[in-house]
Every structure is written in structure tokens, then in C-alpha cells.
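In this text, all values refer to a predicted model and were calculated from it rather than measured experimentally. Just the heavy atoms: all of them, side chains too, but no hydrogens, waters or symmetry mates, feed the values below. In what follows, chains carry the letters A, B, and so on, assigned in the order in which the sequence lines appear, proteins first and then strands, with residues in each chain numbered from 1.
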Amino acid sequence: MKRLALILSASLLLVLALPGLAFAQDEAPTAAELSLAMDTVWVLVAAVLVIFMQAGFAMLEVGFSRMKNVGSVVAKILVNVAIAALMFWAVGFAFTFSDGGGLQSIIGLNGFFLSGSAETYAGLSWSQVPVSAKFVFQVAFVAVSLAIVWGTMLERTKFAVYVIFAVVFAGLIYPLVAHWVWGGGWLAELGKQDFAGSTVVHLSGAAAALAGTLLLGPRLGKYDDEGRPVTIPGHNMPLAVLGVLILWVGWYGFNPGSTMAATTQIADVALTTTLAAAAGVLGAMTMSYFYRRNVDVGMGGNGAIAALVAITASCAFVAPWASIIIGFVAGIIMYLVLMFVDRIGVDDPLGAIAAHGMGGVWGTLSCGLFTTPELAAVGQPGLFYGGGFTQLGVQALGIIACGGFVFLSSLLVFAILKATIGIRVSPEQELDGLDIHEHGVYGYPDLVATDPQGANGTSPRGAVSSGRPAESAT
Amino acid sequence: MKRLALILSASLLLVLALPGLAFAQDEAPTAAELSLAMDTVWVLVAAVLVIFMQAGFAMLEVGFSRMKNVGSVVAKILVNVAIAALMFWAVGFAFTFSDGGGLQSIIGLNGFFLSGSAETYAGLSWSQVPVSAKFVFQVAFVAVSLAIVWGTMLERTKFAVYVIFAVVFAGLIYPLVAHWVWGGGWLAELGKQDFAGSTVVHLSGAAAALAGTLLLGPRLGKYDDEGRPVTIPGHNMPLAVLGVLILWVGWYGFNPGSTMAATTQIADVALTTTLAAAAGVLGAMTMSYFYRRNVDVGMGGNGAIAALVAITASCAFVAPWASIIIGFVAGIIMYLVLMFVDRIGVDDPLGAIAAHGMGGVWGTLSCGLFTTPELAAVGQPGLFYGGGFTQLGVQALGIIACGGFVFLSSLLVFAILKATIGIRVSPEQELDGLDIHEHGVYGYPDLVATDPQGANGTSPRGAVSSGRPAESAT
Amino acid sequence: MKRLALILSASLLLVLALPGLAFAQDEAPTAAELSLAMDTVWVLVAAVLVIFMQAGFAMLEVGFSRMKNVGSVVAKILVNVAIAALMFWAVGFAFTFSDGGGLQSIIGLNGFFLSGSAETYAGLSWSQVPVSAKFVFQVAFVAVSLAIVWGTMLERTKFAVYVIFAVVFAGLIYPLVAHWVWGGGWLAELGKQDFAGSTVVHLSGAAAALAGTLLLGPRLGKYDDEGRPVTIPGHNMPLAVLGVLILWVGWYGFNPGSTMAATTQIADVALTTTLAAAAGVLGAMTMSYFYRRNVDVGMGGNGAIAALVAITASCAFVAPWASIIIGFVAGIIMYLVLMFVDRIGVDDPLGAIAAHGMGGVWGTLSCGLFTTPELAAVGQPGLFYGGGFTQLGVQALGIIACGGFVFLSSLLVFAILKATIGIRVSPEQELDGLDIHEHGVYGYPDLVATDPQGANGTSPRGAVSSGRPAESAT
């Protein structure tokens, strides 16, 4: 209406040959300019939320680690974000989203070092925001996928392994898989549905984690002499749940932001994301209550994460009621897989294989079940809407291809590292904790000081220091 | 350029009898579409900030709890958010905002399971954003109100009570009160002012908290043999203040977001919110300094919260200078009420009754004092602007009606629970801490291990383990 | 103008008897209104991110403090934010951005208590957002600058000093410097480049910190009998890194928000900010590895901060590749300065002088090196683009003038305080920790309880309490 009035009146003005119209044009932006600016604001806000997820992973990993290793955890987070940002800038973004010519089904080959124009990165040409906005948003996704890898390999991995694998993963492994699904590669051509990355981001991270863990082996003390799993609790549930809540908040950038445009759809996506997460908490808590007659804090958090992972693929394609089912089932699956994995000798301190891996698998498949005809922007409606098994088959193929490729390529990288520099710290280092050996400082210097005279060179509270050297030193 | 081209071409099109105008409209969004998209972005961003407040409550409650109970705190947060989201989706949103026909003064009765259209939820028809955006924003408010309930009942409440009360509160109690004020109910008809929920969200939560606490009784050891209150300090001031700062940040979604539209008014609301919070810190700190000659960290935080609660009702209606008075007085009131409540035997670990309850009462009343004629979008100007006592009376009626209803209905629910499953853990559980009994794991497993050999099955630091089993096990 | 054209043309249409057009105008906002609303949303979101940085500083300072002082740290954060907000509202904003008449080169002198109109604050007239939005955004910057001051003066400063200096700094010192650069003062007239405040915010904070530290002297135990520096580790690396990550996230409000308008440029600024931070982590970690053969967690975090500080001045003026160099060099400089400062007897627990001070110097200078001709909105292109030494000279002059003025005026304030009320706590208080003396409560009451019978009046775990009084009391 407004636009019609504007056009009508502008026509009259032109007929009347009123000069100065060009001046009036400088005053206020056009609708296209406003739309572009608004999309940019939204994508950037969403990117910031996703970047904030690094704080969530840091707190989650800290919470589920033992005190002696937390410095290592947070050092790794910082270095990994840094490497991911620079590698994705140098080559990863180009591999993922640019045109690959004859190899376009497999990989992009243009615009390295972010030197391309909007056209160069054809895989993202559907969004009008500047290339810089696209990069900042997408690089946050790589960093999430990379963070997932390490949740499983906590408390026993050499720091150099973090560094080297980050280079390869952010520079090549993730970009390949992302290109297949989001960059116009062969899975995109088949109509694979993965709105915000259940497969690309979460399953990829978990597949690499599984590869690394198999080569690492479990932590010392994780299995008793009869091979039964021993619970090694984390040290700080408040920080773990803070991590879960930060991740939950960050997911409102992850899922709704994947529109890469400011549309009303972002609210619909936020709705399915919210309901799924809520149902995931209850799914996992219900399992915990029936199996163990208690309400396990960590399980509740992992249930939320598994559900958020699962809804990531389908958040823009399914009805709210379906999101509740997807989330609840994700919580249950996570719980069962977590127990199963623990029993077969795979030591996964954070539950990343269960939450991100199986959450990713279930979420990817659930697109093939619940996608409604109205919302199927890509691919076909789901099985429950009469879409048949076609889409489900494509989804399964995507899981096998992406999960399989990341697992095998990561296994190769870790195997080479294992054969050369080694991937695991020495038993002595593991028992003492990684912090003091690799980082020269404890995560909590006041609490784990070993010197009864006080680690800080001051021993003010002598009266009570005899039995409590750590606290007394503070 | 774009605009010039558009205008030129539109002129030609008009000359050619208006064909292809629809095509021109496809090119760039209309002003109405842009406005709708912008409003949706803003409401969603605000919703995310309010959802983030759960992390604030979690940290605040953790910080003010003792170590032995922190796992229980964070488990409760996760489960409560989950229940609130699903109950509000199923029935609460409909009760609150839909039309109730003959019962419209009391409750809405349409559009359960979010099945309605924008018209169904007539109480929110003044905002143009999609129903999904309205829901995500409003559900975050329910979760805040519910979180307030538990701050007072920390460290002694059975987990099942959290679960059952959450169902009733998010499904019925909160929706009724919210309907009266925001859903077109009887208080809305009287012109009650409550921009963002001093009454609806904060006073409601505190009234339920008071009901529960009266039935629970104080924590063991809170009062000595002569009935004098004993200070039971929380265990972690840094996390408590982190919680306060997260809540403060979240309030920029809570208050400015309650415009539910992207207008310049959001900045005015952010301004009053900021100034009030600052004044609240100083009000409480001043009291702390004069009464005890020290600067109590927790009091500063509670002063900020009380002020934020108070300005919530009036943030869009008052001048900046008034917001400073409202905030400063809120900090003082909070301090006095906190000490009073403590002395009369009501054990409120977090100060929620003082901060959210009395903050809510004062904030609701302050509308009737400070609302300016220009900003009185609802109701009348305040007493200080010549509006007389009418609005003040309506505000007081709202406090009594909403506070009273929530208190009595919550008392009924808690009394039924007390008579059936019980609401309080056993003394043994309370002394040992809720974590180990109800959740099977400690919040800080490394620090509160009771087994001198180390809880984790590894005892690497034998040399120092004799006197310090907890640390040595890590 | 746009509006005028619309009104003129609409008048013509009305003459032509088109009814209902006025109604159509009510329907949708104009492009100018949309643009204004969008800018307001963006500036407010950015302001919230910058306000969130207070949580980052709190966690960073907590992490680098010893346990006995953390309550003091967080109390200080709350009070400082409160004072900064109210002082900047009363006088600081007017000093900074209003017209000063004959003293305009030095200070603004109109619009105290935020009483002015948009025209009053001429220094910000280039942004169209409401004055309330401008204030909320700018007040967050003052609070950041003030927070930087205290990172260096941790663990030994009297609480009253925090309070009094905050009044002077937020009310006068910061506003003067900010007026010179951003308020149309003499450095602005010379074309000094400082997009988001490497000089104004960060160097100012660090210069005041240096002044205070020189008068305070090092912490007890920081230097041994031969004057060699002793490492006093902080107590909580996870919270320190949480702080770094929150700051990093907040910087996306700090830098891109400094456009104070929703433009596509915000994404370009976010890109340079991201790449610089990543490079800063690697720069500092590389130094740590070569010098000490370990990967120091704190250094990684300080590297990120130093790089973020450095890119703050130039984020809108330089190419992505240049931002990587600026960040990497900032990480290296920070490391070297941190070690140097430590050795010459300046005890800087948080590394603020190195990270914010030298980061600010390097960032300000780097504008004069890397500013591209296309992006030089203010001043001249940099040396590496053929701009010669002019801009570099202006940048250096700005560093000397701003850094020197803040240092000397802060030195004066601290010296007066030292001569009157004193600025340092007693040795006994310092050894015991500030928490118990100034705040009446420990930051972690459970862990530092000195009473073997349990500080909380309950001693439930008697069986194990003999050797572990702190834990047993919980």
C-alpha cells in the first residue's frame, strides 16, 4: 500500500518534472537497501550467538573434566577458535562455497583468502548479505564442529594434536562435507535436507571424535580390572549447566540464523528449536529416572543438547508438534547410546558421540519423516506426509557419506599423528593432569597446590595451614 | 539509483496501464514487509536475551547455595525451563492471550497447542509479529517467573515438588494473572499499568515463593536455639555476580523487548532500565555500608535486581530522573525487607521475596506516582504529574489481586503436595546435601568426595593425599 | 527531504481526489522511519553486547585473582558500573559530546543530565538514532574503560578508592579525552583515527591503571628478597577464559556497533575483528611456546584481548589481511611488554598495561600504517598505502596527548587519595584477603572457612570433618 502510494505519487511528480528528486533519494534508503542492511544485522547477530557457543563448549568441557585438566581444556578452546578462523579464511570458505568447475560436485576451488566476490561463493548466492557477513557466520559453524571433536578426547590428548588436527579439519575435512551439502555438491544435487547442520556440523564433529577416541583409548581408571566402566564424574556441574544454557542460547543464532535473511521464518525456527530442546531435557531425565531412580544433572543437559542437535536439520521444515517428538526421542536415544558406548569401551567424557553423533543421525533422518509439504524448501516431504521413502533414503545416504568420510579421513590423520608425534600424553602426565605439564600452571592454582608452604610464596593463614595447604595459601 | 530506477519504471508501467506492478513488488520488499521482518528480528533477539536470564538465575542460585546442593539447583533449572515451555505451548499461552468469550475477564479459552491464528490471541493483536515470535518471547517470561519461585525454596525442597508445581504454575496460575493484566482481562479493563511485568512476572514468582517457604520452614541451622537468624552464606560470590550481570543483560530483552516492535522507544526503555539498575546497586550498597560498615557483595547484586524488577512496570512510562529514584528506593526497600523477613523466621536464601516481591510491589506502585502524561500509553498519569490517586489505586488493586491470587493458589498446591508426597527432604538428606541423594552425583565431585581413597578410582597424588583426599583425587 | 517529496506528491494526489491515501500512509512506515528503527535496534543490540563485557571483565579479574579476593572483585564491578552510569548521565555525556562554545576544542558544556536534544550532542549528530540510544551505547564504553583501570590494581586497593576514582574518571577524565577524539575536539580536527576506541577507551584505562599501580606498589610476595618477580597465579583459569570469550563476544558490539547505524559495513568490521583476535591468540601462544616451551592459558587469553584492543582503532579502515598482521603483532607485543613490566617492578595481575595499554598504542599507530584509501573515512591513508607519515604522526600525537593526560590526571587523583584516606589496604588485610575485611564475607565461604567447627553453624559431616573443615561444613 505504502509502496503503491509512493509509486503513484512519484509518477505524478515525474510528470510535473520536479527537480531535486535525486537529492531526495540521498535522504532515505531504498527498500532494497533497507532489506540488505536488515539481513546483515540479523546474520551478524546470529553469528555472534554462534560464536558465543564457544563459551558454552568451554564451560561444558570444564564441567565434565577433572580439576587437574581444566586449564588444558580452555587453552584448547582459544587455540582452536583461532586456527579455525584463520584456516577457514585462507582456504576453507573457498573449498566450501565457491564453484569447483569440473570438481564442483566435490569441492570449490575459487576465492581463497576471501578474495572472491559474492558471485564467487555461489553456494551462498541465495543470501544477499555481504561476503564478510557470510564468512563470519559460517566460520562460527566450523568452530562449533571442531569443538565437538574434543569433548570426547578430553583429559588425555596431547596439545599438539589439537593444533594439527584443527588445521586439517577446518581447512579441508569440514569444507569438503559442507560443500557436498551446502556448497552445491553432490548431496545438494540429490536434495539432501540439512537446514542448519545436524549432519554437516554435528555428525561431522562426532565422527571425528569417534575416530580419535578409538585410537586414543579410554582414560586411565575408566575401566576396572574386569573391564567394567567406572564413572569418572566431572568436577563442576554448575559450569557444565552454564555451558548447556549458553549453547541453548547460541542455538538461536545457529538455527534461525541459517535463514541468512531477516524473515518472519526465523521465529518459526526459534519455536521448533525451543520445543525440541525442552522435550529433549524431559526425554533424557525420564530415562535417567526409570533406569537409576535419580535425576541426573548431566543427562538433562545432554538431553537438551541432543535434541538441539536433532532439530538442527529439520527446524525449518517441521511442525511444532513434530519438533517435540524429535526432541524427546533425541533425549532417549542419547541416553541409550551413552550407556552403550560406555560399555563397549569407548570413553566419551562429554557424551559427544551420543549427543552430537546420534543426535545428528536421528535429526537428519527425522527430516525424511516429518518434513511437511508446505515447508519442504529443499527435497521432498517426509514419510509421514506421504512423501514416501525417497527423502529418507537421501538422508540416510548423506549420513553414511558424510559420517563415513569424516570418520575415515580423521582416522587417517590421527593414525599418522599417532605413528609420528604420538597423540596421547604419558601415564604420568595423565595422572598428574595435563595442566601442569603442558601449560605450566594449574587451572585452579589455589586448590591443587602441592607445596604445603603455599604455592604463592605467601602463607598468611599459618594457623590452619597444616592440614589444608591449598586453601591456606589463598 | 535503485529507487530512481524503480520510480522511473513505475511511471512507465503506469503509463502502460499498470501491468507488471506485481513483478516490481517481487524485486524489493514493501515497507510493510520490512517493518514486519524488523519487528520479528527485534522480538526474537529480545526473547533470546530473556531466555539467557535462565543462566543468570542458575548462577545466582548456585552462588547463594552451599556446595552440597548446587547440582540440585542446576538440574532444577533445566527441568523447569523444559516444563514451562511445553505447558505454556499446550495450554498456558491460550489461557493468557486468547479470547475467553463470556469468561474473557478471567481467562482465555481458545487456540490450545498454539493452534490459533494471530486473531485468536487477541491479547497480543497489537503486535504484528508472527504468533511463533510472540510465543517464544512470552514463554521466556513464564520461565523467569517460575525461576523466581525457587530462589526462596533452595536447599530443602524435594525434586518432585519442582516438577509438579512447574506444571501447575506455567499451565494455569501464571496464565490467569497474565490474562488479567496483559490478555484483556479485568485488570486490563481497569487500566492497570505493568509494561513488562513487575506484577505479572516478578510479584507472581515471589508470591508463590512466599507460599512455598511458609510451608517448608527454614533450612536446618538457619535459626539458633533462641530463634535468632544465623547467616548461611552461599558458596560462590563470583558466580552469583555473574548471575546478576547476566540477568542485567537479559533485562534489555525483558523491558525494551516488551514493545514487541522495533521502534525508537526501545532505546528510551533501555535508558530507564540502565539508570534504575545503577541506582539500585548504590541504594543497597549505601544501606549495607550504614548498617554494617561493609560493602556486601550479595546486597549490591540484589539491589540491582530489585531495581530492575521495580523499573520493569514503569520503564516505558517514566522520565530518566524518575527511573533513578525508583531504582534507588528499590535498593533500600530490598535491604530493609531482606533483614525483616530474615528476622521473622522466613528463610529466603536468595532474597527473592525482597528483591522480586517488594521490588515488584514498589515498581507497580511507582507507575501511579511517576507516569508522565506523554508516556501514559495505558491508564492515567501518575500522582506527581497531577493524575490524582486513581491510577495509584488501580495499581494497588492489581498488587493485591495478583499477589493474593498467586499466593493463595500456590499455597493450596503446596499444601496438597505436603499432605501427599511431602515437600521437604529428610533432615539427613538436607544435611548431606540434595545432590548425592536426589541426583546421584555431587555438584563438585572432586571437592566433596567422602572417600579418602579418591572418588574417581584413581589416587595419583598419594604423597599429599592423606590430609587432602578431595584434591588429591583429581 | 524524502518526506517532503512524499508529502508534496501526496498533496497532488489528494488534489486529484484520491481518497484513502492518508489511511495508506498510516498503514506502513516510511523508509526513513524504517531506517531509524533499524539503526536503533542495531545500536541497542550492540550496546547490550558491550554491557555484557562487564561480565567478561568480572570473570577475567576473578580468574586472575586469588580466592581470598574474589568477592572484592565482583563487588567493585557492580559499584563501578553503577557509578559510571550515573556520572556519565549527569555530566560525562555532556562533557564528551555537546558543543563547548569557545572551549569546544577541549570540552563540551551543554546538555547535562541528558537534558539536550539530538542537536545538543553535536559530536554524535552523524548518527540518527535517539539520544537515549546514543547514551546507552556510549555509557557502556565508559564502563569498559573504567573496568580496565582495576585489572592492574587488584588485590590490594581500598574499596573507597574504587568509588572515588570512578566518580572522577567517568565524570571528567574519560569525557575530556573522548571529547578530543570523538566529540569534535582538537584531535578530531587534526583527523585522528580511532574508530571504536583503542586510544579513547583502552589506552585511557591502561594509563590510569599504570598511574595507580605506581603509587600502590606491588602485592606482598610479588618480588622476592632479590627483587625478582614471583609468579602469583590466579585461582581459576576456566573463569578467566570464560571472561575472555565473553569479552570477545562483546567486542562484536564494541567494534561493529561503533558505526551507530545498521549498514553492511558492520559485517566488514566484524570480519577484521574476528581475524585479528584469532591472530592475537596465535601470536601470544607462539611467544609462550618459544620462551617457555608450554602453552600458557592466560597468555592465549591476553593475546586475544591485546589483538582485539589493537584492531579497535582500525577495524573499519583496514583490509582483512592487515587485521591478521595487526592482531598477531599485538599478541607478540603484549607478551614482551608483560614480561618487561613484570621485571621492572610494576605488578599488573591481569596484564592490563600490556594488553590494553600497548595494544591500544599499537592499534592506534597501525591506523597510520594500514588504513586503505577506500576506507579512510577520517584522516589519511596509511603509510603502506602511500599516505606518508602525516597520519602516523597524528596518531602518535593522539597517543601521547590522551595517554599522557589520563596518566597525569589519574596520578594526581590517586596521589591526593594516597595522601588523605590512603589507597592501599593494610598488610594484614592484604594477607587475609580483602573479602573478609571489606565485604564481611568470603567469595567462597565454603572453601575458606577458618572455623574448624564449620562456618555455617552446621557440622553435619562430622566423620570427616577433622581434617577437612571447609568441605565438611557444606
task = Sort Leu245(A) into side chain, backbone, both or neither according to what part of it lies under 4.5 angstrom from a heavy atom of chain B.
result = side chain
key: Closest non-hydrogen atom pair, Gly71(B) against Val297(A)   = O-CG2, 3.4 Å
query = Among Leu34(A), Thr272(A), Ile324(A), which has the most heavy-atom pairs under 4.5 Å with chain B?
reply = Ile324(A)
remark   = Cut-off 4.5 Å, heavy atoms of chain A, and the answer for Leu114(B) is side chain
ask   = Taking side chain as C-beta onward, heavy atoms only, is Met285(A) less than 4.5 Å from Val79(B)?
value = yes
key: Thr274(A)/Trp89(B) under side chain to side chain contact (heavy atoms under 4.5 Å, CB included): CA gap, chis, key distance, verdict   = CA-CA 10 Å; Thr274(A) 306; Trp89(B) 170 76; over 6 Å; no
query = For Val41(B), is it the side chain, the backbone, both or neither that has a heavy atom under 4.5 Å from a heavy atom of chain A?
reply = both
request  = With a 4.5 angstrom heavy-atom cut-off, could you sort out which part of Thr263(A) is near chain B: side chain, backbone, both or neither?
outcome  = backbone
ask   = Side chain, backbone, both or neither: which part of Leu49(B) has an atom under 4.5 Å from a heavy atom of chain A?
value = neither
inquiry  = Report which part of Phe328(A) has an atom under 4.5 Å of a heavy atom belonging to chain B: side chain, backbone, both, or neither.
reply    = neither
query = For the residue pair Tyr289(A) and Phe159(B), is the inter-centroid distance of their aromatic rings smaller than 6.0 Å?
reply = no
Contact check, side chains of Leu44(B) and Trp42(A), non-hydrogen atoms, under 4.5 Å = yes
message = I want to check something: taking the side chain as every heavy atom from C-beta on, are Leu86(B) and Leu275(A) in contact at a cut-off of under 4.5 Å?
response = yes
note = Applying a strict 4.5 Å limit to non-hydrogen atoms, the region of Val244(A) in contact with chain B is side chain
request  = Measure distances from Ala85(B) to the heavy atoms of chain A and classify the residue's part below 4.5 Å as side chain, backbone, both or neither.
outcome  = both
message = Heavy-atom cut-off 4.5 Å, strictly under: side chain, backbone, both or neither for Val249(A) against chain B?
response = both
ask   = For Leu78(B) and Gly300(A), which heavy atoms make the closest approach, and how far apart are they?
value = CD1-C, 3.8 Å
ask   = Taking all non-hydrogen atoms of both residues, which atom of Val136(B) and which atom of Ala267(A) are closest, and how far apart?
value = CG2-O, 4.4 Å
Spacing of OG1 belonging to Thr40(B) relative to CE belonging to Met38(A), to within rounding of 0.5 Å = 9.5 Å
inquiry  = If I measure from the heavy atoms of chain A, does Phe135(B) come under 4.5 Å with its side chain, its backbone, both, or neither?
reply    = side chain
message = Assess the residue pair Tyr252(A) and Val45(B) against the criterion (side chain to side chain contact (heavy atoms under 4.5 Å, CB included)); give the C-alpha distance rounded to whole Å, side-chain angles, the decisive distance to 0.1 Å, and a yes or no.
response = CA-CA 9 Å; Tyr252(A) 290 106; Val45(B) 168; over 6 Å; no
inquiry  = Let me confirm one number: the CG-CE distance from Leu239(A) to Met59(B), rounded to the nearest 0.5 Å.
reply    = 6.5 Å
remark   = When the 4.5 angstrom heavy-atom criterion is applied to Ala262(A) and chain B, the contacting part is both
note = Shortest non-hydrogen pair, Pro238(A) vs Val74(B), comes out as CA-CG1, 4.0 Å
ask   = With a 4.5 Å heavy-atom cut-off, do Leu242(B) and Leu242(A) have their side chains touching?
value = yes
key: Leu36(B) vs Thr264(A) side-chain heavy atoms within contact, under 4.5 Å   = yes
